[in-house]
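A quick write-up on the structure given underneath.
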2 protein chains.
Amino acid sequence: MARDTKAKIIAAAANVAVARGVQNLTMEAVAEEAGISKGGVFYHFGSKQELLLGMVQALVDITEKEVSAAQAQDHEAGSWLRGFIRACLTNSAEDLGPVGRLSVAFLTAAANDTTLLAPMNERQPAWREAINTSGIDPVQAQIVRLAADGLWINDVMGVPVLDAAERAAVIERLEAMTRKDTEPE
Amino acid sequence: MARDTKAKIIAAAANVAVARGVQNLTMEAVAEEAGISKGGVFYHFGSKQELLLGMVQALVDITEKEVSAAQAQDHEAGSWLRGFIRACLTNSAEDLGPVGRLSVAFLTAAANDTTLLAPMNERQPAWREAINTSGIDPVQAQIVRLAADGLWINDVMGVPVLDAAERAAVIERLEAMTRKDTEPE
DNA sequence: AAAACTATACTGACCGGTCAGTACAGTCAA
DNA sequence: TTGACTGTACTGACCGGTCAGTATAGTTTT
């Protein structure tokens with residue numbers, strides 16, 4: 001059941017981060033949320049850093065899984081980007097999906113120690129490759145990805161960059177940009 | 001000299017955050033860096049929260065100042081966005097400008113307590129307005145802003161989303177998008 | 001002399017991490 | 001088939017360090 005418990009702890013940590021705020025993401029709080037003892041948490045994750053690392057890894061895994069799932073039924077050019085947009089932005093501000101919940105962990109990791117982002121950094125070459133070969137103009141493709149990142153991080157932080165109507169229009173346009181090549185000249 | 005010392009403390013805090021990492025952004029370290037005592041720091045900022053709030057405010061102020069400066073010698077459509085792109089992305093990864101240094105504080109604030117982002121959130125309606133009335137298609141304008149945000153946050157976190165050549169091409173394209181309306185249809 | 005500011009020494013809470021011990025399921029020799 | 005032994009998963013009490021914040025006395029500025 002080791003795998004099970006580890007996953008349970010990661011989910012609990014994500015819940016704590018969202019519900020009580022990152023400043024209350026203590027090992028004790030995680031243990032309580034997971035319904036086990038603090039010692040039990042340390043049995044599975046040797047340190048808080050290790051737990052954070054596990055959460056970042058989980059975020060990466062879930063994101064890639066969602067992209068793959070979306071690509072499975074969309075074989076046209078730009079499908080990777082459309083999957084990525086979905087994965088990042090499907091969560092409404094209130095009702096966070098798993099990606100949204102783990103995103104808070106991502107923030108914590110980045111704030112505490114950027115080396116904790118290693119699992120994310122490792123995947124960047126592969127993501128760049130996917131974007132550059134997605135079948136549309138690479139520069140435009142990167143911009144779509146960056147805009148999705150920007151919207152995502154602002155969501156996670158709660159910065160109100162767009163109202164609902166603008167948000168819908170932006171997402172629609174981003175998806176259009178994965179289909180139609182609007183490169184100047 | 002109250003204003004002076006406060007500014008000095010904020011700058012010191014930003015330096016500490018960059019140099020020693022956010023986990024070492026303690027009031028004592030800030031005091032040492034600023035060359036005053038811990039008591040002195042608390043005299044000026046009643047709590048750590050207040051200091052963090054001051055740093056976020058400073059980031060907002062500097063960003064808006066840089067945008068205004070850029071706009072002063074660029075009165076064509078899209079000048080706000082071009083100024084914003086410059087303000088966010090002028091800092092190379094190694095040699096951070098003032099925006100880059102304070103950005104780390106922004107991350108910390110977001111991670112510790114999203115209410116600390118209030119000074120940033122307050123300005124969003126004004127920024128949205130500036131973007132929507134910048135003279136180019138509003139949806140495209142928002143996308144340019146979000147992409148700049150995305151590139152900026154990835155820089156701050158140290159996630160290698162783009163290599164140097166891609167980065168240059170993306171920035172060039174973003175600036176082009178502030179000039180030429182590439183809206184489909 | 002009052003107000004503004006600074007330095008030093010201290011407190012108290014919190015939190016990451018440790019550790020001795022428990023529960024229990026399985027294995028295996030006699 | 002039972003008793004000795006082992007490994008895995010976990011418990012809960014505890015410790016030590018860190019750090020925000022305070023108390024208070026001293027110093028400089030106006």
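Chain letters run A, B, ... following the sequence lines, proteins first, then strands; residues in each count from 1.
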If you measure from the Lys or Arg side-chain nitrogens to the Asp or Glu carboxylate oxygens, is any gap between R173(A) and E166(A) under 4.0 Å?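 Judged by the 4.0 Å cut-off on N to carboxylate O distance, R173(A) and E166(A) do not form a salt bridge.
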Mind jotting down which residue pairs meet the salt bridge (charged side-chain N to carboxylate O under 4.0 Å, His left out) criterion with at least one end in residues 139-154 of chain A? Sequence neighbours excluded, please.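 Applying salt bridge (charged side-chain N to carboxylate O under 4.0 Å, His left out) to every pair that reaches into residues 139-154 of chain A, excluding sequence neighbours, yields R145(A)-D149(A).
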Under 3.5 Å, which protein N or O atoms sit close to an N or O of nucleotides 20-25 of chain D? Give each pair with its distance.
unit_1	atom_1	unit_2	atom_2	d
dA20(D)	OP1	K48(B)	NZ	2.9
dA20(D)	OP2	M27(B)	N	2.9
dA20(D)	N7	K38(B)	NZ	3.0
dG21(D)	OP2	K48(B)	N	2.7
dG21(D)	N7	K38(B)	NZ	3.2
dG21(D)	O6	K38(B)	NZ	2.6

With a cut-off of 3.5 Å and sequence neighbours excluded, list every side-chain donor-acceptor pair involving residues 19-31 of chain B.
unit_1	atom_1	unit_2	atom_2	d
N24(B)	ND2	R20(B)	O	2.8
T26(B)	OG1	A29(B)	N	3.1

By side-chain contact (heavy atoms from CB on, under 4.5 Å), which residues pair with D61(A), not counting sequence neighbours?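 Residues passing side-chain contact (heavy atoms from CB on, under 4.5 Å) with D61(A): Q57(A).
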State which residues pass side-chain contact (heavy atoms from CB on, under 4.5 Å) with S37(B); sequence neighbours excluded, sorted by chain then number. none
In this structure, how many angstroms lie between the [atom2] atom of [N] and the [atom1] atom of [X], rounded?
{"X": "I36(A)", "N": "dA23(C)", "atom1": "CD1", "atom2": "C1'", "value": "15 Å"}
{"X": "I9(A)", "N": "dC10(D)", "atom1": "CD1", "atom2": "C1'", "value": "10 Å"}
{"X": "Y43(A)", "N": "dG17(C)", "atom1": "OH", "atom2": "P", "value": "18 Å"}
{"X": "E32(B)", "N": "dC19(D)", "atom1": "CD", "atom2": "C1'", "value": "15 Å"}

Can you tell me if T5(A) touches the phosphate of dC10(D), counting only side-chain N or O atoms and a distance under 4.0 Å to OP1 or OP2? yes
side-chain N/O S37(A) vs dT11(D) OP1/OP2, d < 4.0 Å: yes
Residue list, salt bridge (charged side-chain N to carboxylate O under 4.0 Å, His left out) with D113(A), at least two apart or on another chain: none
Tell me which nucleotide among dC10(D), dC5(C), dT11(D) gets nearest to the side chain of H44(B). dC5(C)
